[in-house]
There are 2 protein chains.
Amino acid sequence: MSSDDKSVVTRLRKLISDGGYQPGERIGEVRVAEQLGVSRTPVRLAFRTLEQEGLLQRANKRGFVVREFSQEDVLCAVEVRGALEGLAARRLAERGLGPGVREQLEGCIARGAALLGKGYLEEGDIARWSTLNETFHRAIVEGTGSRVIDDAIQRNNHLPFASADSIVIDSAALDREYQKLYLAHQQHQLVFQALQRGEGARAEMLMREHAYIGLRYGELFGLDPDAETGAE
Amino acid sequence: MSSDDKSVVTRLRKLISDGGYQPGERIGEVRVAEQLGVSRTPVRLAFRTLEQEGLLQRANKRGFVVREFSQEDVLCAVEVRGALEGLAARRLAERGLGPGVREQLEGCIARGAALLGKGYLEEGDIARWSTLNETFHRAIVEGTGSRVIDDAIQRNNHLPFASADSIVIDSAALDREYQKLYLAHQQHQLVFQALQRGEGARAEMLMREHAYIGLRYGELFGLDPDAETGAE
DNA sequence: GGCCTGTACTTTGGATCCAATAACAGCTAT
DNA sequence: ATAGCTGTTATTGGATCCAAAGTACAGGCC
């Protein structure tokens with residue numbers, strides 16, 4: 001189950017989000033099994049997982065359809081992440097961050113400063129930011145030491161547009177993206193400061209606001225708000 | 001899948017939470033299949049669902065074990081619910097509650113007032129409170145109109161101690177429970193007032209605090225805090 | 001005597017087979 | 001001509017079979 005089956009779930013998730021199946025489209029077991037080169041059994045297992053994740057939903061009486069998400073859904077998923085990561089940040093601030101977490105967060109901020117210090121973005125910087133941003137968020141969530149909170153966030157992140165590293169969408173306009181990343185970096189610093197000082201409420205609100213960064217902040221830089229959903 | 005298989009998931013969930021399998025215990029496919037009188041296939045599918053719900057977790061290299069939850073986990077699950085229901089309440093207050101939702105909430109409060117107005121609890125009141133409380137919470141969550149938020153809350157509620165109606169634990173001491181329910185009723189009224197007035201931040205904080213009602217409020221009434229986890 | 005290795009058994013995961021059911025189409029009757 | 005019924009087909013869900021991987025036990029070697 002571990003190796004091969006997990007790969008089926010992953011590949012099916014990728015197959016769907018890459019547009020192999022359109023939102024609202026009915027998805028059948030046999031066709032997917034043929035496409036992935038496996039039997040129907042692991043596909044059925046994977047359908048179950050993806051149903052729980054929210055990517056699939058049961059059809060009228062039989063089978064599954066690919067779930068379709070509205071702009072509103074995207075916004076809500078980001079708000080859910082903000083609420084949960086805010087909760088994690090508050091708990092972390094109140095209970096104090098251990099040396100390991102502090103070190104990780106400091107490392108992320110240092111890497112962010114190095115990345116953005118030169119005043120512009122170059123090829124590969126976006127990937128580098130993505131990993132450091134991922135590390136930063138995971139450090140906070142794992143720092144709470146609660147699998148329940150972690151799981152809740154992970155489940156929400158299964159929605160393809162909800163996770164923390166779906167910020168950058170236009171890698172062609174690096175100058176515009178630079179401003180967003182710089183703001184995100186500043187927010188990271190503020191969150192870290194609040195965490196260090198044990199300012200729970202402030203850490204929570206900062207983390208919550210930080211979730212919006214990939215969503216509506218484009219308006220601040222004169223972008224078209226409709227193009228700033230962060231989806232895909 | 002719909003009818004029979006859903007029953008397998010439900011029955012297995014019940015089998016686990018009724019103590020048929022101890023937390024931390026390894027759970028095998030064949031034994032469960034025999035106990036439920038079905039083949040291994042639906043059991044495997046059910047394992048998948050319950051893994052996503054968080055009731056099972058993968059064993060070291062093979063199979064599943066029943067997840068065990070600490071007191072800390074219970075607290076975290078309640079805080080997660082508070083954060084998410086708080087988010088729902090804020091959105092509802094900001095966007096305004098429609099006549100349907102308002103009516104439902106008013107109905108719940110009226111029923112609560114009738115239930116608690118006589119000053120004491122009698123047999124059956126606890127079940128009545130449970131349904132009205134469930135209706136109240138669901139009205140707020142569904143009132144947001146967002147399946148994403150709804151799903152996130154539902155997924156958290158799959159943990160047996162996390163849902164909103166795991167308040168009352170000691171049905172033998174009805175006088176003590178009365179005070180808790182009365183406080184809960186007052187909180188419902190405050191939440192409703194904030195929702196009506198469009199006071200988003202206040203509605204959120206009230207809803208969030210309200211989540212704790214079954215957890216630590218026992219201390220206020222001189223109960224043993226350890227007995228007030230709300231589990232089961 | 002303890003540790004390592006090999007073999008056998010247990011259990012899971014994948015594939016295939018069979019039954020049940022829902023969708024679809026064609027036919028008939030009003 | 002249309003609506004309802006019936007038969008056929010396609011697709012899902014359950015059971016069983018087979019292979020692979022893990023674990024435990026035992027025997028041998030150091």
Side-chain angles (χ1 to χ4, degrees), chain A residues 1-17 19-68 151 154-155 158, chain B residues 1-17 19-68 151 158:
Chain A
M1 182 187 278
S2 322
S3 62
D4 211 18
D5 170 43
K6 201 158 193 169
S7 139
V8 170
V9 173
T10 306
R11 282 192 295 160
L12 179 52
R13 203 186 288 133
K14 186 171 172 52
L15 186 63
I16 292 173
S17 64
Y21 289 88
Q22 296 304 317
E25 184 183 349
R26 187 196 168 94
I27 186 168
E29 294 177 358
V30 278
R31 175 137 173 257
V32 172
E34 286 168 3
Q35 284 178 317
L36 297 183
V38 292
S39 165
R40 273 181 52 216
T41 308
V43 174
R44 286 168 64 186
L45 275 295
F47 277 13
R48 244 358 140 69
T49 301
L50 265 55
E51 181 201 10
Q52 292 289 322
E53 286 183 5
L55 241 74
L56 298 180
Q57 60 185 27
R58 286 173 188 277
N60 196 7
K61 277 295 181 183
R62 205 181 178 88
F64 290 92
V65 296
V66 179
R67 169 110 167 256
E68 44 192 344
D151 283 355
Q154 291 312 313
R155 281 196 286 260
H158 276 136
Chain B
M1 183 187 274
S2 323
S3 61
D4 209 19
D5 170 43
K6 201 160 191 170
S7 139
V8 170
V9 173
T10 306
R11 282 192 295 160
L12 179 52
R13 204 185 287 133
K14 186 170 171 51
L15 187 63
I16 292 172
S17 65
Y21 289 88
Q22 296 305 316
E25 184 182 350
R26 187 193 168 97
I27 187 168
E29 293 177 0
V30 278
R31 176 140 172 252
V32 172
E34 287 169 2
Q35 283 177 317
L36 297 184
V38 292
S39 165
R40 274 181 51 217
T41 308
V43 174
R44 285 168 64 187
L45 292 173
F47 277 13
R48 249 352 143 68
T49 301
L50 265 55
E51 180 200 11
Q52 292 290 321
E53 287 184 4
L55 241 72
L56 298 181
Q57 63 184 23
R58 287 175 187 276
N60 197 6
K61 278 294 182 184
R62 204 183 181 87
F64 291 92
V65 295
V66 179
R67 169 110 165 255
E68 44 192 344
D151 283 357
H158 275 136

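Numbers restart at 1 for each chain; the letters A, B, ... are given by sequence-line order, proteins then strands.
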Identify each atom pair where a protein N or O and an N or O of nucleotides 6-11 of chain D are less than 3.5 Å apart, giving names and distance.
unit_1 : atom_1 : unit_2  : atom_2 : d
D:dT11 : O2     : A:Arg62 : NH2    : 2.4

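- B:Arg40 is linked by a side chain to side chain contact (heavy atoms under 4.5 Å, CB included) to B:Glu29, B:Val30, B:Ala33, B:Arg44, counting only residues two or more places apart in sequence or in another chain.
- Under the side chain to side chain contact (heavy atoms under 4.5 Å, CB included) criterion, B:Glu53 pairs with A:Gln52, B:Arg13, B:Thr49, B:Leu50, B:His158, sequence neighbours left out.
- Evaluation of the side chain to side chain contact (heavy atoms under 4.5 Å, CB included) rule for B:Glu68 yields B:Pro23 as partners, not counting sequence neighbours.
- Between B:Leu36 atom CG and D:dG13 atom C1' there is a gap of 16 Å when expressed in whole angstrom units.
- A:Gln22 is linked by a side chain to side chain donor-acceptor pair (under 3.5 Å) to nothing, counting only residues two or more places apart in sequence or in another chain.
- For A:Arg44 and D:dG14, a side-chain-to-base donor-acceptor distance below 3.5 Å is present, hydrogens and geometry of angles not being considered.
- A donor N or O paired with an acceptor N or O is found under 3.5 Å between the base of D:dG13 and the side-chain atoms of A:Arg40.
- Atom P of nucleotide C:dG13 and atom CZ of B:Arg58 are separated by 7 Å, given to the nearest angstrom.
- What separates CD1 of B:Ile27 from C1' of C:dT10 is a distance of 17 Å, to the nearest Å.
- Of the residues near DNA chain C, A:Gly37 and B:Gly63, the one whose nearest nucleotide (by heavy atom distance) lies more toward the 5' end is B:Gly63.
- For A:Gln35, the side chain to side chain donor-acceptor pair (under 3.5 Å) test picks out A:Tyr21, with sequence neighbours left out.
- When each of B:Val65, B:Ile16, B:Leu15, B:Val43 is tested with B:Ile27 by the rule side-chain contact (heavy atoms from CB on, under 4.5 Å), just one qualifies, namely B:Ile16.
- Between B:Phe64 atom CZ and D:dG22 atom P the separation is 16 Å, expressed in whole Å.
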